[in-house]
2 protein chains.
Amino acid sequence: MTSTTHNTPPTTESAAAENGGPVKRRRDRRAREREILEAAERIFGERGYQGTSMDDVAAEVGVSKPLIYQYYGSKDGLFLACLARLRAQLLETVSDAVLAAGDAEDALYAGFVAWFEFLDDHPQTWSVLIDEGMLGMGPAAGPAAAATDEVRAAFIELIAAMVRMNLPPGRTADPDEIEIVAQSISGATERLAIWRSRIPAPPTPEKVAQTLQNLLWQGLHTLRTP
Amino acid sequence: MTSTTHNTPPTTESAAAENGGPVKRRRDRRAREREILEAAERIFGERGYQGTSMDDVAAEVGVSKPLIYQYYGSKDGLFLACLARLRAQLLETVSDAVLAAGDAEDALYAGFVAWFEFLDDHPQTWSVLIDEGMLGMGPAAGPAAAATDEVRAAFIELIAAMVRMNLPPGRTADPDEIEIVAQSISGATERLAIWRSRIPAPPTPEKVAQTLQNLLWQGLHTLRTP
DNA sequence: CGAGTAACTTACTGCGAGTAAGTTCTTCTC
DNA sequence: GAGAAGAACTTACTCGCAGTAAGTTACTCG
């Protein structure tokens with residue numbers, strides 16, 4: 001659907017424009033790259049990484065496959081380019097919410113809410129992220145494994161910083177324990193996001209954030225000094 | 001390694017056995033199925049789902065590809081068959097540990113320890129499980145998504161049961177909150193398992209389990225009544 | 001207008017999943 | 001021990017898709 005294969009005649013198109021629409025051919029490189037990226041983001045979001053072929057994307061944009069290879073190098077390259085934009089947005093949104101908060105308790109809650117709200121507002125984004133990206137990260141897994149590990153690492157560092165903020169002033173905690181806690185929280189929020197995206201009427205972001213906060217807050221004070 | 005391509009000559013092998021070894025050809029179906037399954041488990045564990053071709057498996061067993069298709073239907077079918085065995089073992093191990101424990105607090109801790117220990121003891125298993133299986137489960141993700149969702153669902157139900165056990169007698173909690181808590185714990189343990197498998201000197205299962213227990217235990221008492 | 005280059009295409013290769021149509025080996029009956 | 005019946009197994013393909021080589025068309029700037 002969505003008007004595939006356009007009205008551009010494949011061969012003699014130079015005589016075009018007789019119907020009025022200036023058949024956009026030969027756009028500027030930057031513009032084409034953006035166009036391809038947007039189409040790819042949409043199609044990957046709909047059909048997943050495996051389910052999308054480069055020919056699909058090429059057809060959607062109305063361009064031939066080698067052009068995409070010239071601009072993005074490989075299917076992985078194209079996918080990573082999609083991921084880069086999306087994760088930057090997500091990370092920025094959550095970081096902003098955390099940094100805007102007053103104390104540590106508030107920061108944690110605000111971060112959770114921002115996370116779940118962002119994913120509610122950008123379901124397509126979320127599809128791209130989790131498909132082989134955010135989650136598929138076994139040893140030889142998907143192509144985006146390394147890239148999404150970066151995002152995750154950034155989140156984990158953010159969480160670890162919050163945990164440290166929460167310690168009594170001047171105290172330090174066992175680094176292992178901080179890491180374990182940060183990994184746990186990261187894992188919990190990812191799993192909750194997936195869960196919410198797959199059930200018909202998920203609890204509100206606030207509800208989930210509050211429950212998670214209740215679950216974790218007290219335990220965060222039990223970190224031992226090394 | 002491990003003596004690839006065997007000594008069976010591809011063409012005229014009926015005149016074989018001149019060297020002594022009774023070149024095992026034409027085994028019983030059950031035996032062949034097991035043989036294929038074991039090879040597949042190993043290769044999937046080493047190279048991942050994507051990185052393994054059916055020809056690889058066929059060559060490893062010393063058999064032709066269509067035979068594998070006859071027995072397992074498809075690459076997905078073969079992968080799922082591997083998964084089925086592994087997850088059954090994992091689920092059983094953890095369940096046993098939980099059920100053998102005295103009270104709820106002990107059950108939670110014992111479950112964590114059993115989980116991390118099992119994965120330490122079966123790294124190959126773990127590779128197969130996380131590669132596109134345990135984690136890759138976006139909308140149109142890997143083939144094993146549905147299968148591993150089942151395992152996860154089983155764990156989540158186990159966790160939810162433990163949480164309920166922990167409530168004051170006669171009390172009931174908001175089902176949404178129980179679900180949120182169970183999803184969180186499942187996500188945390190999965191992420192921790194991946195993290196541990198990817199760093200050089202991970203903390204012991206007991207250490208991780210203890211930290212997780214500390215993090216969660218107090219919060220488990222904050223569940224509201226609906 | 002013509003040279004130079006950026007934008008783009010046609011037409012392939014190669015690999016890997018899956019299949020059609022057999023070909024041997026084994027056993028079971030007479 | 002024939003020889004039929006069926007299970008175990010193979011050769012030789014098709015088809016879809018990632019990736020590429022080599023060329024062609026349109027814009028731009030002297």
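Per chain, numbering begins at 1; letters A, B, ... match sequence-line order.
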For the side chain of A/Ser64, starting at C-beta, report the closest nucleotide among C/dG16, C/dA7, C/dC8.
C/dC8

Atom OH of A/Tyr72 and atom P of C/dA7: how far apart are they, to the nearest Å?
13 Å

Go nucleotide by nucleotide along DNA chain C from the 5' end; which of A/Leu67 and B/Tyr69 gets its closest nucleotide reached first?
A/Leu67

note: B/Tyr49, atom OH; C/dA17, atom P; distance rounded to Å ~ 8 Å

Nucleotide of D/dA7, C/dG18, C/dG16 approaching B/Arg26 most closely (side-chain heavy atoms)
D/dA7

Given DNA chain D, 5'-ward residue of the pair A/Gly73 and B/Pro66, judged by closest heavy atom
B/Pro66

In terms of relative ring orientation, are A/Phe44 and A/Phe79 parallel, tilted or perpendicular, with 30° and 60° separating the classes?
perpendicular

For A/Arg29, does the CZ atom sit with more than 12 other heavy atoms under 6.0 Å from it, leaving out its own atoms?
yes

Could you tell me whether B/Arg164 and B/Glu157 have a side-chain N and a carboxylate O separated by less than 4.0 Å?
yes

CG of B/Asp76 versus P of C/dG18: gap in Å, rounded?
7 Å

Is the shortest side-chain N/O distance from A/Tyr71 to OP1 or OP2 of C/dC8 below 4.0 Å?
yes

Round to the nearest Å and state the distance from A/Lys65 atom NZ to C/dT13 atom P.
14 Å

Measure from NZ or CZ of B/Lys207 to the centre of the six-membered ring of B/Phe116 and say whether it is under 6.0 Å with the direction within 45° of the ring axis.
no

Round to a whole Å and report the spacing from CD of A/Gln70 to C1' of C/dT5.
12 Å

Figure out the CZ/P separation between A/Arg47 and D/dG16, and round it to whole Å.
15 Å

If D/dA5 has a Watson-Crick or G-U wobble mate with both distances under 3.5 Å, name it; if not, just say none.
C/dT26

Please state whether the phosphate of C/dC8, meaning OP1 or OP2, lies under 4.0 angstrom from any side-chain nitrogen or oxygen of A/Arg32.
yes

What is the distance, to the nearest angstrom, from the CD1 atom on B/Ile43 to the P atom on C/dG16?
13 Å

From CG of A/Asp55 over to P of D/dT20, roughly how many Å is that when rounded to an integer?
14 Å

Point-to-point distance, once rounded to the nearest 0.5 Å, from CD1 of A/Ile185 to CD of A/Glu190:
12.5 Å

